[in-house]
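Not measured: the values here are computed from a predicted model.
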Amino acid sequence: MFRPVRRFVSRSRPVIPIAIGICVGITLSLLCSPLLDSNCGFDSFVHVGSSRKTNAFFAGIDDKGNPLNDDDFEPVLMTANNPPVKKSIEQHRLVRMRYISSELGIRDKLFVGVVVSRGDIDLESTTVGINKTISHYVSKLVFFTKSSDPEAGLTGLNVVPIEADKTVTRTFEIWKSIYENYGNDYDFFLLIQDDTYLFGERMIDFVGQINIGQDVYMGIPIHEADMEVTYCRREAGYIISRNLLNQVGEFWEDCMRKSWSSMPDLEIGRCVHEHTGAVCSAQHEGSLYHSYNFEDKVLTPVEMSDRGLRKALTVYNVMDRRTIFKLHMFFNEMALNQTYKKITANQKIIEVTSKYTPEGKQSLSWPTGIHSPYNPSTRFDIFSWEYFSMTHLYGSSDAEPKIPLTGANKHDIDEVLTTAMSRLNDKYDNAFMLGHLVNGYRRFDPTRGMEYTLDLELKLTGEKKEIQKRVHLLRPLNKVEIVSMPYVTEYTQVTIIVPVVFSNREEVRLFLDSFSKICLETHDKSSLMLIFIYTPTEARSMATNDIFGVTKGYVTYLERKYPGSHISWISVKTSIPSLIAVMDVVAAKFPSDTLIFLTNVKVELSTEFLNRVRMNTINIWQVFFPIPFSQYDPAIIYADAPNPNHIDVSKSAGHFDNHLYEHASFYNSDYSHARQLWDEKHPGSTTDHIQSDIDLFEMFLNTKLHVFRAVEPALKQRFQERTCHPTLHEDQYQRCLEGRAEGLASRSQLAMLVFQQQQEEEH
């Protein structure tokens with residue numbers, strides 16, 4: 001009997017201390033709970049010593065804004081009868097800059113101001129020559145004129161009128177305008193006269209080597225001993241840095257009142273020296289400001305060899321626009337030759353140092369310094385070659401294996417042949433004449449550019465002998481250029497214009513339901529106008545039997561269901577409907593700043609696409625012609641499967657139809673301007689000859705607007721059977737037939753359909 005007890009005690013010995021601890025804990029908690037519920041005797045059990053300090057840090061302010069310290073914080077016991085009170089914390093909205101450059105303090109490099117002193121600006125003035133030669137180099141170019149007449153300037157010039165009689169006063173007013181309007185946006189400010197040529201590329205490199213944080217007053221210095229001031233000669237142009245402009249900018253008005261001489265450059269230099277202590281200098285941190293006086297000179301070979309002219313940043317006293325263009329061509333040719341010399345020198349360095357690489361000289365690729373050809377990892381990554389002759393191009397696409405060599409392709413091949421013959425004759429002392437092109441190959445390598453391989457049959461000069469040579473050429477990819485675009489937002493209202501004919505009146509209900517869901521229910525900033533197009537026969541019976549009566553009634557129902565909605569319709573009678581004829585009617589009913597999206601009833605609207613329309617359409621800058629994803633014929637692609645009643649972007653459901661030009665977005669003012677130019681190009685013509693949707697596209701191509709055309713996955717169009725009128729031009733009629741054939745189904749689906757029909761005929 002004692003043996004099992006001893007065995008149990010021995011086995012439970014490790015657990016006994018744990019059990020004792022649990023019991024002691026429960027006992028103490030029961031004894032202390034009455035003391036915690038009431039504060040009786042709590043102070044006698046707790047003693048807070050003052051000899052030890054805590055390392056906690058307290059910081060804050062009270063409700064009145066006074067700072068708090070350690071004594072102001074008191075512990076509060078939260079119980080069921082005393083719940084914590086949530087304090088409302090005022091959250092301040094973080095305001096971000098519109099551009100990241102503004103938030104980071106990044107400024108443009110150079111502002112150039114041109115003082116126009118020769119009357120109004122016209123096409124023959126030197127001002128136009130200055131604008132054409134330097135506007136694409138500098139960050140900002142502004143012309144300060146005397147006249148406030150807006151017709152005195154030309155379109156495309158940034159003209160600021162400064163009305164002042166005295167030259168000194170006008171110069172101070174110009175610098176005051178620069179300080180107030182552009183003082184914090186640019187690092188350097190250059191002021192030149194309208195008879196000064198500026199080589200923009202060299203000037204940008206020049207100011208790029210100067211520290212932007214220093215006080216810079218540079219030009220051609222002239223020392224005035226009587227006034228003990230050194231100022232910059234205004235004819236040669238002078239540079240003032242942003243730091244220096246901010247110091248003296250607030251004193252331009254005061255200096256203008258104190259000026260007493262008739263020399264504006266002297267007064268500017270005196271004002272700068274008085275308020276900043278800076279004097280004009282031609283040298284700063286090793287950079288030397290060169291200028292050349294072209295008075296009573298002609299650009300001859302003797303002048304071209306002048307070292308002063310070749311080193312000049314500015315050339316002043318240039319009296320006519322033609323000389324400015326000649327100087328610009330001379331400086332650009334000189335810069336191009338220097339670039340060629342640098343390329344040759346770098347190629348030699350690469351060839352010399354290549355033998356020290358692990359691969360040796362075998363690592364060199366042709367041309368030297370250009371990326372080696374792309375090395376495909378699988379057969380799917382191989383770039384195919386296109387074969388061409390003097391008349392045709394082969395293998396450009398599976399749909400058209402042979403196409404005539406016309407347009408840009410012909411210009412490309414002709415330029416390559418001309419370059420090949422020029423290089424061969426340079427190498428062999430004009431020994432060859434081109435017989436004919438035997439074989440030609442080209443392919444595009446995205447890592448290096450367009451590659452060409454030519455087999456040429458050449459005739460020896462002065463002999464009847466013919467030889468063949470194979471040459472390789474490369475058109476390398478150049479530096480990527482970022483095109484600055486005007487700022488646009490997604491809050492512009494879009495006016496959707498939808499022409500409706502009798503054949504697609506049943507589709508209008510689906511379009512209106514889509515518009516209600518996407519635009520009306522979400523309160524999108526968009527409006528809709530339906531253009532009901534009647535033939536002369538249909539128009540005669542409109543009073544008694546309106547073919548669009550049901551649709552007009554549904555529009556009225558939507559207007560009542562969605563108060564404040566912008567849905568309207570108009571009726572148009574025409575025998576041959578066209579997009580331009582429709583827009584001629586619509587353009588007169590809207591303001592010039594209206595953003596118009598022209599489409600058809602087959603599209604499926606989406607918020608994403610409407611925002612894309614707002615971002616890609618820019619007033620006086622760009623129009624948008626999206627390429628929709630068009631659905632194939634459902635009777636073919638869903639012959640053996642149920643129709644899902646929605647369009648999925650897949651190769652079996654449809655394709656991006658680049659034959660369609662009837663979807664377009666533009667501003668009403670841009671359309672009016674393009675229409676005016678079109679009428680000037682086609683005088684005496686009416687809209688009766690305009691039957692194709694591509695005419696609207698070509699009309700905008702006739703302007704200086706950017707025409708943006710790209711595939712748009714968010715724009716989906718249901719299948720529509722295209723009608724090709726025989727009255728179209730031959731090329732337009734053929735394009736319509738091609739688009740109608742390609743829009744039926746994919747090649748594999750059509751092949752399967754033909755195969756099934758053949759199987760049914762055999763059985």
Side-chain angles (χ1 to χ4, degrees), residues 109 137 199-202 204-209 285-287 307 310-311 331-388 395 409 411-432 434 437-458 460 467-482:
K109 183 58 67 174
Y137 289 110
F199 186 31
E201 182 179 357
R202 183 177 292 177
I204 289 295
D205 294 338
F206 178 79
V207 297
Q209 299 174 3
E285 295 181 345
S287 299
R307 293 187 60 185
R310 300 176 72 88
K311 295 188 300 181
F331 278 99
N332 277 280
E333 287 180 352
M334 185 172 60
L336 186 61
N337 292 332
Q338 292 176 354
T339 302
Y340 284 145
K341 291 180 181 179
K342 291 180 181 179
I343 291 175
T344 303
N346 290 334
Q347 287 178 339
K348 291 181 179 180
I349 293 175
I350 293 173
E351 292 173 357
V352 171
T353 57
S354 63
K355 62 182 179 180
Y356 300 107
T357 62
E359 296 84 3
K361 289 189 175 182
Q362 296 180 354
S363 62
L364 287 176
S365 61
W366 180 88
T368 304
I370 303 295
H371 289 287
S372 58
Y374 175 73
N375 186 20
S377 56
T378 64
R379 63 186 180 91
F380 301 103
D381 299 332
I382 297 176
F383 301 126
S384 59
W385 289 83
E386 295 177 350
Y387 180 82
F388 60 86
N409 289 323
H411 178 74
D412 177 42
I413 301 305
D414 291 343
E415 185 178 5
V416 168
L417 287 172
T418 303
T419 303
M421 291 303 303
S422 176
R423 296 297 177 89
L424 285 172
N425 286 323
D426 289 344
K427 185 176 182 180
Y428 296 101
D429 297 330
N430 297 322
F432 302 119
L434 178 62
L437 175 65
V438 181
N439 299 301
Y441 308 90
R442 73 174 184 178
R443 73 170 182 181
F444 178 71
D445 189 336
T447 61
R448 46 195 267 135
M450 186 70 80
E451 300 175 347
Y452 304 87
T453 299
L454 307 178
D455 293 331
L456 303 175
E457 186 174 284
L458 305 174
L460 293 175
I467 63 173
Q468 287 190 4
K469 281 189 174 294
R470 167 166 285 191
V471 297
H472 301 276
L473 297 94
L474 174 69
R475 191 191 297 271
L477 293 174
N478 292 328
K479 184 179 179 181
V480 177
E481 180 181 0
I482 299 177

Quiz item: What do the steps show when you test E386 against F444 for side chain to side chain contact (heavy atoms under 4.5 Å, CB included), and what is the final call?
Solution: CA-CA 9 Å; E386 295 177 350; F444 178 71; over 6 Å; no
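- How far OG1 of T353 is from CD of E351: 9.0 Å, rounded to the nearest 0.5 Å.
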Exercise. Take D205 and F199 through the side chain to side chain contact (heavy atoms under 4.5 Å, CB included) test and state the conclusion after the steps.
Key: CA-CA 10 Å; D205 294 338; F199 186 31; over 6 Å; no
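- Ring planes of F383 and Y374: tilted class, angle from 30 to 60°.
- Listed by chain and residue number, D455 satisfy the salt bridge (Lys or Arg N to Asp or Glu O under 4.0 Å) test with R470 (two or more places apart in sequence, or in another chain).
- For the pair K355 and V352, the tightest heavy-atom approach, listed with the atom from each and the gap, is CG-O, 3.3 Å.
- Between S365 and I370 the shortest heavy-atom distance is OG-O, 2.9 Å.
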Only distances under 3.5 Å count here; give the side-chain donor-acceptor pairs of residues 412-423 to other protein atoms, sequence neighbours excluded, each with its distance to 0.1 Å.
{"residue": "D412", "atom": "OD1", "partner": "Y452", "partner atom": "OH", "Å": "2.7"}
{"residue": "D412", "atom": "OD1", "partner": "R475", "partner atom": "NH2", "Å": "2.7"}
{"residue": "D412", "atom": "OD2", "partner": "R442", "partner atom": "NH1", "Å": "2.8"}
{"residue": "D412", "atom": "OD2", "partner": "Y452", "partner atom": "OH", "Å": "3.0"}
{"residue": "T418", "atom": "OG1", "partner": "D414", "partner atom": "O", "Å": "2.8"}
{"residue": "T419", "atom": "OG1", "partner": "E415", "partner atom": "O", "Å": "2.9"}

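- The CG atom of N346 lies 11.0 Å from the OG1 atom of T368; values are rounded to the nearest 0.5 Å.
- Listed here is the closest heavy atom pair of L474 and P367: CD2-CD, 3.4 Å.
- Considering CE of M334 and OG1 of T339, their distance stands at 11.0 Å, rounded to 0.5 Å.
- Within the 3.5 Å criterion, the main-chain N or O of H371 finds a donor-acceptor partner in the side chain of R448.
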Exercise. Please test L458 against L434 for side chain to side chain contact (heavy atoms under 4.5 Å, CB included), starting from the C-alpha separation and ending with a verdict.
Key: CA-CA 5 Å; L458 305 174; L434 178 62; 4.3 Å; yes
Quiz item: Can L437 and L456 be said to form a side chain to side chain contact (heavy atoms under 4.5 Å, CB included), step by step?
Solution: CA-CA 5 Å; L437 175 65; L456 303 175; 3.7 Å; yes
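- Across every non-hydrogen atom of N332 and E201, the tightest pair is OD1-OE1, 4.5 Å.
- Atom CG of D381 is separated from atom CG of N375 by 10.0 Å, given to the nearest 0.5 angstrom.
- The distance from the CG atom of L473 to the CE atom of M450 is 12.5 Å, given to the nearest 0.5 Å.
- Residues L460 and F432 share a closest heavy-atom pair of CD2-CE2, 3.3 Å.
- Atom OH of Y441 sits about 14.5 Å away from atom CD of E451, to the nearest 0.5 Å.
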